[in-house]
**Q** 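Below you will find the structure I want to go over with you.
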Amino acid sequence: QVQLMEFGGGSVQAGGSLRLSCAASRVTYSIYCMGWFRQAPGKEREVVATITIPYGRGDYTDSVKDRFTLSQDNAKNTLYLQMNNLKPEDTAMYYCAAALRGPCRRWSNYRDFDFWGQGTQVTVSS
């Protein structure tokens, strides 16, 4: 029953920044983990970052760990992904996801998540 909606995608030049938002609604039970995934044409869907909702502990894949930052506003039921120093290889459709249980790590698989947003496109030009 959880509904997720992503905002903030767009087109930027390399070195630029974007801030993605994921708003959750119809939350009638506890969410343990939320994360951002991305998928480029012809590639597998891969985890970008995850965060445990009860503890606020984030985990980032190596390619983004020094450039992207997760944060949450529980009062607004919103998850944010601040993306700095964007690179062309970051170009992909970005998806917000939520899970009722773990694992909640950078090595998590998309099959571990129960709810998904529709995605927002991020395009980075060189």
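Both backbone and side-chain heavy atoms feed into the values below; hydrogens, waters and symmetry mates do not.
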**Q** Taking only residues two or more places apart in sequence or in another chain, which ones pass side-chain contact (heavy atoms from CB on, under 4.5 Å) with Ala99?
**A**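 Only Cys33, Phe113, Asp114 meet the side-chain contact (heavy atoms from CB on, under 4.5 Å) criterion with Ala99.
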
**Q** Got Tyr110 and Gln39 here, is their nearest side-chain heavy-atom distance under 4.5 Å?
**A**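 Sidechains of Gln39 and Tyr110: no contact.
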
**Q** Could you measure the distance from the CZ atom of Arg57 to the SG atom of Cys104? Nearest 0.5 Å is fine.
**A**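 Arg57 CZ to Cys104 SG: 11.5 Å, rounded to 0.5 Å.
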
**Q** In terms of relative ring orientation, are Tyr95 and Trp116 parallel, tilted or perpendicular, with 30° and 60° separating the classes?
**A**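 Correct class here is perpendicular.
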
**Q** The test is side-chain contact (heavy atoms from CB on, under 4.5 Å); show your working for Ile51 and Gln72 and say whether it passes.
**A** CA-CA 9 Å; Ile51 186 168; Gln72 60 182 119; 3.4 Å; yes

**Q** Looking at CZ of Arg26 and CG of Asn77, how far apart are the two atoms once the value is rounded to the nearest 0.5 Å?
**A**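 The CG atom of Asn77 is 14.0 Å from CZ of Arg26, to the nearest 0.5 Å.
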
**Q** For residues 85-101, pull every pair meeting salt bridge (charged side-chain N to carboxylate O under 4.0 Å, His left out), keeping only residues two or more places apart or in separate chains.
**A**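 Sorted result for residues 85-101: Arg38-Asp90, Arg67-Asp90.
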
**Q** Heavy atoms, side chains only, cut-off 4.5 Å: are Val12 and Val122 in contact?
**A**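 They are not in side-chain contact.
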
**Q** Between Tyr32 and Leu100, does a side-chain contact (heavy atoms from CB on, under 4.5 Å) hold up when you go through it step by step?
**A** CA-CA 5 Å; Tyr32 176 75; Leu100 302 178; 5.9 Å; no

**Q** Are the side chains of Leu86 and Phe68 in contact, using a 4.5 Å heavy-atom criterion?
**A**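 They are in side-chain contact.
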
**Q** Measure from the side-chain N and O atoms of Thr120 to the backbone N and O of Tyr94, and report whether any donor-acceptor pair falls under 3.5 Å.
**A**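 Checked: no pair found.
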
**Q** State, yes or no, whether a side-chain contact exists between Val48 and Met83 at a heavy-atom distance under 4.5 Å.
**A**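 Val48 vs Met83: side chains apart.
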
**Q** Test of understanding: clusters of I, L, V, M, F, W, Y form through side-chain heavy atoms closer than 4.5 Å, transitively. Do Ile31 and Val47 belong to the same one?
**A**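 No, it is not one cluster - the side chains of Ile31 and Val47 are not joined through contacts under 4.5 Å.
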
**Q** May I ask you to check whether over 12 heavy atoms, not counting those of Lys76, lie within 6.0 Å of atom NZ?
**A**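 No, because the 6.0 Å sphere around NZ of Lys76 holds 12 heavy atoms or fewer from other groups.
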
**Q** Between Thr50 (side chain only) and Gly35 (backbone N and O only), is there a donor and an acceptor less than 3.5 Å apart?
**A**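 The answer is no, because no donor-acceptor pair under 3.5 Å joins these two groups.
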
**Q** Using side-chain heavy atoms (C-beta onward) and a distance below 4.5 Å, is Asp66 in contact with Tyr60?
**A**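 No, side chains not in contact.
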
**Q** Using every non-hydrogen atom in the two residues, find where Phe7 and Ala23 come nearest and quote the distance to one decimal.
**A**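 Between these two residues, the closest heavy atoms are CE1-CB, 4.4 Å.
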
**Q** Treat each ILVMFWY residue as a node, draw an edge where side-chain heavy atoms are under 4.5 Å apart, and state whether Trp36 and Met93 are in one component.
**A**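 Looking at the clustering, Met93 is in a separate group from Trp36.
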
**Q** If you measure from CG on Leu81 to OG on Ser71, what distance do you get to the nearest 0.5 Å?
**A**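 Reported to 0.5 Å precision, the distance equals 8.5 Å.
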
**Q** Would you kindly confirm whether Tyr80 and Val2 end up in one hydrophobic cluster when ILVMFWY residues are joined by side chain heavy atoms under 4.5 Å apart?
**A**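 In one cluster: no.
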
**Q** Side-chain heavy atoms under 4.5 angstrom apart, residues restricted to Ile, Leu, Val, Met, Phe, Trp, Tyr: same cluster for Phe37 and Val124?
**A**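 Each belongs to a different hydrophobic cluster.
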
**Q** Output yes when a side-chain donor or acceptor of Glu6 lies under 3.5 Å from a complementary backbone atom of Gln118, and no otherwise.
**A**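 Judged by distance alone, yes, a pair lies under 3.5 Å.
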
**Q** Which residues pass the salt bridge (Lys or Arg N to Asp or Glu O under 4.0 Å) test with Arg105, not counting sequence neighbours?
**A**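 Result, salt bridge (Lys or Arg N to Asp or Glu O under 4.0 Å) vs Arg105: Asp59.
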
**Q** Considering all heavy atoms of both residues, which atom of Ser126 and which atom of Pro88 are nearest to each other, and what is their separation?
**A**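 Minimum heavy-atom contact is CB-CG, 3.9 Å.
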
**Q** So which atom in Ser17 and which in Asn84 form the shortest heavy-atom distance, rounded to 0.1 Å?
**A**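 That would be OG-OD1, 3.0 Å.
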
**Q** For Leu20 and Gly9, which heavy atoms make the closest approach, and how far apart are they?
**A**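 Scanning both residues, the minimum pair turns out to be CD2-N, 3.6 Å.
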
